[in-house]
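The next block holds one structure in the form of structure tokens; read it before the comments.
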Number of protein chains: 2
Amino acid sequence: MTDRVEFQPVKPVRLYQRIVEQVEGAIARGELNPGERLPSERELVAQFGASRSTVREALRVLESTGVVRSRPGDPNGPEVLPFSTSTLAKQLTRLTQAQEVSLADLISFRMVLDSSANMLAARLRTDDELAVMESTIARMRAAIDAGYDDFSAADVAFHDAVAQASGNMLLQVCNHVVRGAVLSLISDKIAHARNSAALMSQSMRHHEEVLALIRDRDSQGAGQISRRNLFDYYASYVPKAEREPLRALLLEPETPSGEVR
Amino acid sequence: MTDRVEFQPVKPVRLYQRIVEQVEGAIARGELNPGERLPSERELVAQFGASRSTVREALRVLESTGVVRSRPGDPNGPEVLPFSTSTLAKQLTRLTQAQEVSLADLISFRMVLDSSANMLAARLRTDDELAVMESTIARMRAAIDAGYDDFSAADVAFHDAVAQASGNMLLQVCNHVVRGAVLSLISDKIAHARNSAALMSQSMRHHEEVLALIRDRDSQGAGQISRRNLFDYYASYVPKAEREPLRALLLEPETPSGEVR
DNA sequence: TCCAGGTTACTGGTAGGACCAGTCGAGCTG
DNA sequence: CAGCTCGACTGGTCCTACCAGTAACCTGGA
């Protein structure tokens with residue numbers, strides 16, 4: 001077959017890792033489905049021929065990656081979980097906080113994701129999804145006097161509803177994570193802003209604009225406005241020297257004339 | 001302070017999880033940086049006051065999430081690793097395998113990320129970065145006869161160069177991960193395509209178009225073409241019923257006339 | 001003086017035993 | 001038949017022990 005024997009570098013594979021691979025493989029091949037149970041630890045010890053310590057280390061790895069869940073005393077054994085985006089979100093969060101990601105990067109990313117979600121939502125939304133957005137907008141309006149926290153929660157709910165309507169779970173998850181990262185970086189500044197009421201009513205107007213465009217199925221307009229709103233809302237927190245990327249995403253650098261509000 | 005005492009529902013927290021949290025916290029707070037070492041397992045046993053099994057379970061979890069790496073016999077102890085995209089990529093591919101994320105979702109996301117990277121790169125690129133892109137394009141052209149693998153590698157290098165020039169690490173990492181996920185899902189189909197040479201030369205033209213726009217600093221054009229190229233390249237792999245989101249991202253639904261090739 | 005060799009004191013990987021606190025169901029008790 | 005008790009499980013944690021690897025140190029010879 002090959003014209004010369006090719007040797008691959010060998011790396012030691014831990015025993016617990018083999019167990020993890022076997023379980024993951026069984027799930028990937030559909031032999032083990034969410035809701036089903038693994039044998040008990042002591043039974044796995046017998047099946048794998050490994051010590052309980054090793055089996056447990058494998059189970060901890062599987063548990064940390066959201067594949068299974070162990071409950072003390074459960075006679076049925078560890079449960080195979082349905083796939084969840086939470087570990088993906090956790091990794092993304094690590095990326096945003098551990099790595100050198102600037103606030104400008106986060107906001108750029110947020111502009112990209114949110115505007116895309118708005119574009120897709122405008123095109124693909126159902127009437128039910130539109131109704132959900134409208135109800136969250138109503139909650140925002142109601143919360144405008146209740147204080148920033150309630151307002152912010154309704155705000156988040158609105159963006160989640162839009163992301164949901166986009167139909168793209170990736171967009172949904174990433175958007176959620178990045179928004180959380182941005183808010184955790186500047187929420188204190190917003191909360192302590194003396195003109196928070198003004199900020200909220202400005203934000204209110206912005207959201208209603210977007211909602212109107214989504215209602216009218218104006219995909220391009222919804223994306224455009226979404227980017228601009230985020231820029232207007234967050235740009236002041238970004239050092240002037242780093243605002244260029246944000247401006248580049250506005251799509252309207254060569255149109256000084258026009259309806260720029 | 002509070003007008004009534006509020007009790008929170010308690011959930012049992014495993015001991016190994018507390019250890020994981022402490023280590024992750026120390027890294028998040030910057031007290032522990034990549035390249036530094038954790039104390040040895042037996043030393044951690046003393047510090048945490050837990051048994052070695054428990055400490056090891058915590059270390060296995062940290063290892064599986066790419067936070068640390070243990071090497072047998074290393075007198076320096078487990079090493080704190082720099083952030084890696086591999087676990088992120090692994091989670092993403094798991095999601096796609098579990099059918100939680102469709103190929104259409106991945107390609108939509110890729111269109112969003114790649115076009116944004118192109119927009120930013122067109123606006124912010126330095127001449128050096130442009131030179132890097134040009135060299136990868138040259139590599140692609142050279143590899144067009146060498147076969148799909150080399151071509152694909154150069155292709156990846158080009159997109160990485162663009163992402164790098166965008167200046168946004170989030171965009172860079174996510175783009176990289178998503179591209180990897182897409183390729184792992186359909187690379188076999190592409191490699192076995194009988195007209196792979198035609199595909200490559202088509203791809204070649206597309207990339208040169210994009211490069212020209214980045215050279216001319218045409219931000220909007222680069223983003224637009226990037227989306228269209230990806231659509232043309234990948235849409236055929238997506239079931240027709242799921243192509244609507246991809247089309248929605250093309251920004252040109254209301255322009256049936258024009259240079260749609 | 002310098003270097004090659006082996007010794008040694010660690011490291012992490014694995015095994016297996018023991019005990020505890022839960023959970024659940026079988027079976028006893030009323 | 002309802003309710004309770006009890007026992008046989010579960011996973012969580014601890015412990016000791018041994019093995020194989022690594023690297024620094026130590027020792028011998030040149």
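Both backbone and side-chain heavy atoms feed into the values below; hydrogens, waters and symmetry mates do not. Reminder, nothing fancy here: chain letters follow the sequence lines and each chain counts from 1.
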Please list, in numerical order, the residues of residues 51-59 of chain A that have a heavy atom closer than 4.0 Å to any atom of DNA chain D.
A:R52, A:R56
Of the residues in residues 65-77 of chain B, which ones touch DNA chain D at a heavy-atom distance under 4.0 Å?
B:R71, B:P72, B:G73, B:P75
Which two nucleotides bound the region of DNA chain C that has atoms under 4.0 Å from heavy atoms of chain A, read 5' to 3'?
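Terminal contacting nucleotides, 5' to 3': C:dG13 to C:dC24.
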Heavy-atom pair of closest approach, residues [X] and [Y]:
{"X": "B:A58", "Y": "B:Y16", "result": "CB-O, 3.5 Å"}
{"X": "A:Q91", "Y": "B:T65", "result": "NE2-O, 3.8 Å"}
{"X": "B:R179", "Y": "B:H176", "result": "NH2-ND1, 3.2 Å"}

Checking [X] now: which residues fulfil side-chain contact (heavy atoms from CB on, under 4.5 Å) with it, not counting sequence neighbours?
{"X": "A:L185", "result": "A:L103, A:L106"}
{"X": "B:N33", "result": "B:E36"}
{"X": "B:S115", "result": "B:S226, B:R227"}
{"X": "B:Q47", "result": "B:P39, B:E43"}

Measure from [atom1] on [X] to [atom2] on [N] and round the result to the nearest Å.
{"X": "B:E41", "N": "D:dA17", "atom1": "CD", "atom2": "C1'", "answer": "15 Å"}
{"X": "A:R42", "N": "D:dC9", "atom1": "CZ", "atom2": "P", "answer": "11 Å"}
{"X": "B:Q17", "N": "D:dG11", "atom1": "CD", "atom2": "C1'", "answer": "14 Å"}
{"X": "A:L15", "N": "D:dC19", "atom1": "CG", "atom2": "P", "answer": "17 Å"}
{"X": "B:Y16", "N": "D:dT13", "atom1": "OH", "atom2": "C1'", "answer": "13 Å"}

For nucleotides 6-8 of chain D, give me every protein contact, N/O to N/O, under 3.5 Å, one pair per line with atom names.
none

Look at B:R14 together with A:E63 and state whether they make a salt bridge at an N to O cut-off of under 4.0 Å.
no
Pairs of donor and acceptor atoms involving the side chains of residues 131-138 of chain A, under 3.5 Å and at least two apart or interchain, shall be tabulated with distances.
from	atom 1	to	atom 2	distance (Å)
A:E134	OE2	A:R215	NE	3.2
A:E134	OE2	A:R215	NH2	3.0
A:S135	OG	A:V132	O	2.8
A:T136	OG1	A:M133	O	2.6

Atom CG of B:D160 and atom CG of B:D155: how far apart are they, to the nearest 0.5 Å?
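So the CG of B:D160 and the CG of B:D155 are separated by 10.0 Å.
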Got a list of side-chain donor-acceptor pairs under 3.5 Å for residues 166-174 of chain B, not counting sequence neighbours?
from	atom 1	to	atom 2	distance (Å)
B:S166	OG	B:A163	O	2.5
B:S166	OG	B:N168	N	3.3
B:N168	OD1	B:L170	N	3.0
B:N168	OD1	B:L171	N	3.3
B:N168	ND2	A:D105	O	3.1
B:Q172	NE2	B:Q164	OE1	3.4

Name every donor-acceptor pair, under 3.5 Å, that has one atom in a side chain of residues 75-84 of chain A and the other anywhere in the protein, sequence neighbours excluded.
from	atom 1	to	atom 2	distance (Å)
A:E79	OE1	A:R69	NH2	2.8
A:S84	OG	A:S86	N	2.9
A:S84	OG	A:S86	OG	2.9

Holding to ring-ring contact (aromatic ring centres under 6.0 Å, His included), I want the full list of residues that pass it with B:F158, two or more places apart in sequence or in another chain.
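ring-ring contact (aromatic ring centres under 6.0 Å, His included) check on B:F158 returns B:H207.
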